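What follows is a short report on a single structure.
All chains are named by letter (A, B, ...) in the order of the sequence lines, taking the proteins before the strands, and each is independently numbered beginning at 1. All heavy atoms count here, side chains included; hydrogens, waters and symmetry mates do not. Since the model is a prediction, treat every value here as computed from it, not as a measurement.
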Number of protein chains: 2
Amino acid sequence: MNKVHRSNNLAIRIPLTRERILLAASELADKNGLASVSMRQVAQSLGVEAMSLYKYVSSKDDLLDGLVEIVAFQMDVPALDSGWKEAMLLRSHSERRILNLHPWATSLFESRSGTGPTRLSHQERLIGIIRRAGFSIELGYNLIVAVNSFVYGFVIQEQTWYASPEDRPRAVSQSRPTITNDEYPYVYEMMTFIMAKIGENAEFGSRTEAGYVANFEFGLKLILDGFERTMQKK
Amino acid sequence: MNKVHRSNNLAIRIPLTRERILLAASELADKNGLASVSMRQVAQSLGVEAMSLYKYVSSKDDLLDGLVEIVAFQMDVPALDSGWKEAMLLRSHSERRILNLHPWATSLFESRSGTGPTRLSHQERLIGIIRRAGFSIELGYNLIVAVNSFVYGFVIQEQTWYASPEDRPRAVSQSRPTITNDEYPYVYEMMTFIMAKIGENAEFGSRTEAGYVANFEFGLKLILDGFERTMQKK
DNA sequence: CTTGACAAACTTACGGCGTAAGCTTACAGT
DNA sequence: ACTGTAAGCTTACGCCGTAAGTTTGTCAAG
């Protein structure tokens, strides 16, 4: 019908690449959420038709895997000679920070097993640090599973409960009617506590840093201390 | 076209209800995965057209919320006079068990904020037990967040890494080629360890109980012990 | 026994999705 | 100028959620 692409004869043709596609998809997800990342919309944002993407991306699944790698690439990796505790702390905080920067990525990190080179090399580094610190395979495995569980679980809760700052009023008003002091006194009490806490920190700092850091740090340190104790006992 | 529904004059007309719809959706998800739960397929499994469901369910979102409630309803709730530690243990194990019985529900539990009556009343009970045990609001909040994070994070990892028993060979062969001893020695070592562990337990017991219980228990106890210590210090 | 009202279930239609198959176009190397 | 090749496009299929409007089955009132 409308052969718009003809006009590209004049403009410089920037060739499509896997990277350009992934970047466009990532920006789209940042702007409009993961649901808006369809082959058609990604293509449109690149001034191209949907099917053209399939030259560089074998399926939508492949595209999503690519997105995971892109986000994983932004996460910090502790130096090989770090102490195991500092390493786990640094990595965990970085994971939390990056996942909150790209909330749409959290569900992808969970649902994909993540055998891309970036995530694998990061794991390699972490396990290496732990093993060199004297952890047995079994205890090291327990450590990684526990910390990973905590970090991902925490981030999910954080993102579920209070979406983004602008959504917060809506989230509260949605739950408030059903959570009355009469019916659920304890939940109500805790809800009120949380709201106050959020309110305190609401004015300064993005939601990434708002109020949750302390709770994150608390749980994380508690887990790491527990493993330290277990190590010393042996 | 084919007016099959006419034949219902003869058969006893079981009236559609919200419960029948949710149950059908749940069974469908158990059998063919969450992706197969579309309005059309749920309707078909009830011998009805898609649009008929909208009399009992306001949208697909509403249907998914209903599914969450159904699953939540199957989880155990500790008695009001339980000790806080036993309560958290019982609840956590029950959550893990039920979520592994309906793996498709895990992602729903995360992504929906869960202000349905079932989940709220369960929370109410748990917070109540914790507060009566002497936890301050803040420490109680930390406890719940930490344990919740761990439980959900653990279950996600468990489900992501080894899907179902029949998928396991595929999952392994998918990751094996990329995980070589040369490139990722530490990951390889741990992967081998995990495979052996799974192999041990593969013959007896469903995947719900296969190999992971020990690691779940380990991390969970470690967290609870940590909080116990914190309580005593104060 | 007929009628009419009401609710339950159905039909049609729209715009969006992922992607299979095949086609057009632009350009590089001869 | 000619041709091979690969980048990008077009068309089409069967799914999806759901808005709007229509038919059908049941049952109470006349």
Let me know the distance between [atom1] of [X] and [atom2] of [N], rounded to the nearest Å.
{"X": "A/Asp62", "N": "C/dG18", "atom1": "CG", "atom2": "P", "result": "14 Å"}
{"X": "A/Lys55", "N": "C/dA20", "atom1": "NZ", "atom2": "C1'", "result": "13 Å"}
{"X": "A/Leu34", "N": "C/dC17", "atom1": "CG", "atom2": "P", "result": "13 Å"}
{"X": "B/Leu46", "N": "C/dA9", "atom1": "CG", "atom2": "P", "result": "10 Å"}
{"X": "A/Gln44", "N": "C/dC17", "atom1": "CD", "atom2": "C1'", "result": "14 Å"}

Evaluate the ring planes of B/Phe193 and A/Tyr141, with Trp represented by its six-membered ring, and classify them as parallel (under 30°), tilted (30 to 60°) or perpendicular (over 60°). perpendicular
Using the C1' atoms of five pairs at each end, what's the angle between the two axes of the helix from C/dC1-D/dG30 to C/dT30-D/dA1, to 10 degrees? 20°
Listed by chain and number, what are the salt bridge (charged side-chain N to carboxylate O under 4.0 Å, His left out) partners of B/Glu69, not counting sequence neighbours? none
Can you list the residues that meet the side chain to side chain contact (heavy atoms under 4.5 Å, CB included) rule with [X], with sequence neighbours excluded?
{"X": "B/Ser121", "result": "A/Tyr184"}
{"X": "B/Glu19", "result": "B/Thr17"}
{"X": "B/Tyr54", "result": "B/Met39, B/Met51"}

Could you pull out the protein-nucleic contacts involving nucleotides 14-18 of chain D (nitrogen or oxygen on both sides, under 3.5 Å)?
residue	atom	partner	partner atom	Å
D/dC16	OP1	B/Ser38	OG	2.7
D/dC16	OP1	B/Gln41	NE2	3.4
D/dG17	OP1	B/Lys60	NZ	2.8
D/dG17	OP2	B/Met39	N	2.9
D/dG17	N7	B/Arg40	NH1	2.4
D/dG17	O6	B/Arg40	NH2	2.9
D/dT18	OP2	B/Tyr54	OH	2.7
D/dT18	OP2	B/Lys60	N	2.9
D/dT18	O5'	B/Tyr54	OH	3.3
D/dT18	O4	B/Arg40	NH2	3.3

Taking salt bridge (charged side-chain N to carboxylate O under 4.0 Å, His left out) as the cut-off, I'd like each qualifying pair that reaches into [range], sequence neighbours left out, listed once.
{"range": "residues 41-64 of chain A", "answer": "A/Arg18-A/Asp62, A/Asp61-A/Arg112"}
{"range": "residues 29-48 of chain B", "answer": "none"}
{"range": "residues 115-130 of chain A", "answer": "none"}

From the list C/dA8, D/dC9, D/dG8, which nucleotide is the closest neighbour of the side chain of A/Glu49? D/dC9
